[in-house]
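Each chain gets a letter, A, B and so on, in the order the sequences are listed, and its residues count up from 1.
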Amino acid sequence: MYVSQLMLATLRDTPSDAEIISHQLLIRGGYIRRVGAGIYAYLPLMWRVLKKINAIVKEEIDATGALETLLPQLQPAELWKKSGRWQGYTDGEGIMFHLIDRQGKELGLGPTHEEVITSLVGEIVNSYRQLPLTLYQIQSKFRDEIRPRFGLMRGREFIMKDAYSFHSDEASLQKGYASMGVAYRKIFNRCGLEALVVDADSGAIGGSASQEFMIASETGEDLILTSPDNKYSANQEKAVSVPTQEVPLAVEETSIIRTPGQSTIDKLCAENGFAPSQIVKSLVMLAKTDDGHSQPLLLCLRGDHELNEVKLVNAITSETGKTVQEITIISPKQLAEQGLSPFPFGYIGPDIDDVVLKGAKSWNNNFLRIFDSSVCSLKKFICGANQNDKHLIGATWETVGGIPIKTDIRKAKSGERCLHDPTQMLQERRGIEVGHIFQLGQKYSEALGACFTNERGLQEPLWMGCYGIGISRLAQAAIEQHHDEAGMIWPIAIAPFEAIVVIANMKDEQQKELGKKFYNQLKEAGVDALLDDRDERAGVKFKDADLIGIPWRVVVGRDSSEGKVELFQRSSRKTEKLVTEEAINTLISEITQTKPID
RNA sequence: CGGGGCGUGGCGCAGUUUGGUAGCGCGGGUGCUUUGGGAGCACUAGGUCGCAGGUUCGAAUCCUGUCGCCCCGACCA
């Protein structure tokens, strides 16, 4: 490919709406253009990168025995109603774009494909003899993100590889899940990326075991906790730890103290010399469930801990059997709307009476009380006295009415001890989620009636796994991980071109001729080469080559009269002057070395 | 959804406070010079200032509405 034919559109200025470096470089390098919020066009350079990633993904996923398909993006609502996800995905914070067609039928634009694939396989597969079976596809997905950002990182339309496996029993599912995990490691490896595997919450997709593949990056939206021995790593949403020891409260009697204006943990501690770990923090929140009910929550945590909303949602689900759509803090305004008297915010205790909810217009009339495990082990503590400007000091769980539901709803954080080895402390890093694998179990097959006949001749819902890779996100994450001041530095396996031949001065016939000859030889050797034949100054061409991140650059310039060219490696910035033949041989062997052996 | 900010040639921005009929840099085109790290000079094209109303002799500028986009937050009372 000649650069003059490439529609290369590099920008000198950094676009004002791009926040992170990878996003800026993608736009400056002419890889993508924004079409709308969270909607991007992949320009020719980008499409080449995506195709290279796709090829690697296909090879590795094919190698697991999976079959490639292409499923519809436009999906009837009734499928989603069957699985029970329509409401959650379209109401409130729902993420699915949806519409009504001219017949008045509801349709959704696929954010994921469990429903379609499950009902499809359920229709086609009848017997355990046809299992296991894995199908996958690479295509655009649509998600109406609350807030699209960072270019391709969180777009509303993005490219994803999704695979679904079907099994006749759990053991087979676990085997399939494991082999997909191995394939994922190979994929990220081959793409030249350092990926971390972490335990994860399965979130809206559901299911049991689940792991995420993270590209370590400061700009990542996820917080990861790892142990120094690397035996434990988890997304903070899921992470567990041994809480730090609390400061014991040396108080004999239970008493009420006046604490005006001390409605926060910080103020309370500052005024009275308390330690945050001696305080029981009581939060009142509201959970909207998929059956349309609003359930008030009373949550207790140690003063030095933070609520993990993901764990909370899971706790509510396992306690009530209902799916939580949304959790919000209860505001004075909401209380007024419910016709309730104001709560003593900032002074609420674990034993606040359900009476305060009596007469609520649309809420349940009792609190669902969930206490974090670590708060429950406090012998004596300080908590709100359920009256404005008053706290209870020296309280015990007996004096505040005992412990209702006790579970883990706390965020683990760095510096806390690991469960598997208490001598190790958790460390924090940020990551970009590029892959996620789940053992779904029978959740979807049950809901959609996708059954097979098992060895005993009985009908049984299919055992399922699902496995995603964000292709377009992965491409951008690669830049986040590989760049310098001058621009991108693509890992060679996913670079749009492997080498660029720069003719320094197009007016010099000798350079021009040698450059083209060199380029043609590279092409013949199977190298993905680019020839910069533009009538630009050499400096411009160097800047562009650096910016768009081509791994190897060959400069045919002033030394061409002696039959010499310059070989430049983008990643190491090393330059070598070589005679033409030697340069070609060196380059070809460097490039073919890094290609996988088929 | 809450808070903040921004919409002015293709891109990045100034001008808005104090209304007077639009400017700078980059980019584009032409010509000459230059030719190894985003060249120089000259000429040139390109904008009904997001959109719709209103105020005014006169609106990019003031008022009202509306649309779009960006950033922060949406968890500790």
Is a donor-acceptor contact shorter than 3.5 angstrom present between the side chain of [X] and the base of [N]?
| X | N | answer |
| --- | --- | --- |
| E566(A) | G36(B) | yes |
| D546(A) | G37(B) | yes |
| D13(A) | G27(B) | no |
| R553(A) | G37(B) | yes |
| R28(A) | G27(B) | no |

Exercise. Starting at the 5' end of RNA chain B and moving along, which residue's nearest nucleotide shows up first, G557(A) or M285(A)?
Worked result: G557(A)
Seminar exercise, completed: Of Q511(A) and I329(A), the one whose closest nucleotide on RNA chain B sits nearer the 5' end is Q511(A)
For [N] versus [M], give the span between their [atom1] atoms, rounded off to a whole number of Å.
| N | M | atom1 | value |
| --- | --- | --- | --- |
| C51(B) | G7(B) | C1' | 11 Å |
| U8(B) | C69(B) | P | 14 Å |
| A22(B) | G31(B) | C1' | 29 Å |
| G28(B) | U48(B) | P | 22 Å |
| C13(B) | A52(B) | C1' | 27 Å |
| C24(B) | G9(B) | P | 15 Å |
| C76(B) | U61(B) | P | 40 Å |
| C49(B) | G23(B) | C1' | 12 Å |

Exercise. Using 4.0 Å as the upper bound for N to carboxylate O, is an ion pair formed by K311(A) and D372(A)?
Worked result: no
For this session: Answer yes when K413(A) and E306(A) have at least one side-chain N-carboxylate O distance shorter than 4.0 Å, and no when they do not.
Result: no
Mind calculating the distance between [atom1] ([X]) and [atom2] ([N]) to the nearest angstrom?
| X | N | atom1 | atom2 | answer |
| --- | --- | --- | --- | --- |
| D532(A) | G37(B) | CG | C1' | 13 Å |
| L8(A) | G28(B) | CG | P | 12 Å |
| M506(A) | U34(B) | CE | P | 19 Å |
| L11(A) | G28(B) | CG | P | 11 Å |
| L297(A) | A77(B) | CG | C1' | 15 Å |
| L567(A) | G36(B) | CG | C1' | 16 Å |
| K512(A) | U35(B) | NZ | P | 18 Å |
| K507(A) | U33(B) | NZ | C1' | 11 Å |

Return the nucleotide paired to [N]: Watson-Crick means purine N1 to pyrimidine N3 with N6-O4 or O6-N4, wobble means G-U with N1-O2 and O6-N3, both under 3.5 Å.
| N | answer |
| --- | --- |
| G20(B) | C57(B) |
| C69(B) | G5(B) |
| G37(B) | none |
| C43(B) | G29(B) |

Looking for any heavy atom pair under 4.0 Å, which part of the strands does [X] touch: base, sugar-phosphate only, or nothing?
| X | result |
| --- | --- |
| L312(A) | nothing |
| T328(A) | nothing |
| L307(A) | base |
| A37(A) | sugar-phosphate |
| I348(A) | nothing |
| D508(A) | nothing |
| E309(A) | sugar-phosphate |
| V555(A) | base |

Exercise. If only side-chain N and O atoms of R537(A) are considered, is one of them under 4.0 Å from the OP1 or OP2 phosphate oxygen of A39(B)?
Worked result: yes
Exercise. Are T264(A) and C76(B) close enough that a side-chain N or O sits under 4.0 Å from OP1 or OP2?
Worked result: no
Identify which nucleotide among [options] has an atom closest to any side-chain atom of [X], counting heavy atoms from C-beta outward.
| X | options | answer |
| --- | --- | --- |
| K543(A) | G37(B), A39(B), C76(B) | G37(B) |
| D17(A) | C76(B), C70(B), G36(B) | C70(B) |
| T10(A) | C76(B), U35(B), G38(B) | G38(B) |
| I146(A) | C71(B), G38(B), A74(B) | A74(B) |
| F542(A) | C76(B), C69(B), G36(B) | G36(B) |

Okay, side chain of [X], backbone of [Y]: is any donor-acceptor separation there less than 3.5 Å?
| X | Y | value |
| --- | --- | --- |
| R154(A) | P148(A) | no |
| E480(A) | S22(A) | yes |
| D533(A) | S4(A) | yes |

Problem set entry | Over all atoms of both residues, closest heavy-atom pair of D532(A) and V3(A) | CA-CG2, 3.5 Å
Exercise. For F97(A), is the NZ or CZ atom of R156(A) found under 6.0 angstrom from the centre of its six-membered ring and inside 45 degrees of the ring axis?
Worked result: no
Exercise. Side chains of T259(A) and H391(A): donor-acceptor distance under 3.5 Å anywhere?
Worked result: yes
Exercise. Any chance the rings of W490(A) and F497(A) have centres within less than 6.0 Å?
Worked result: no
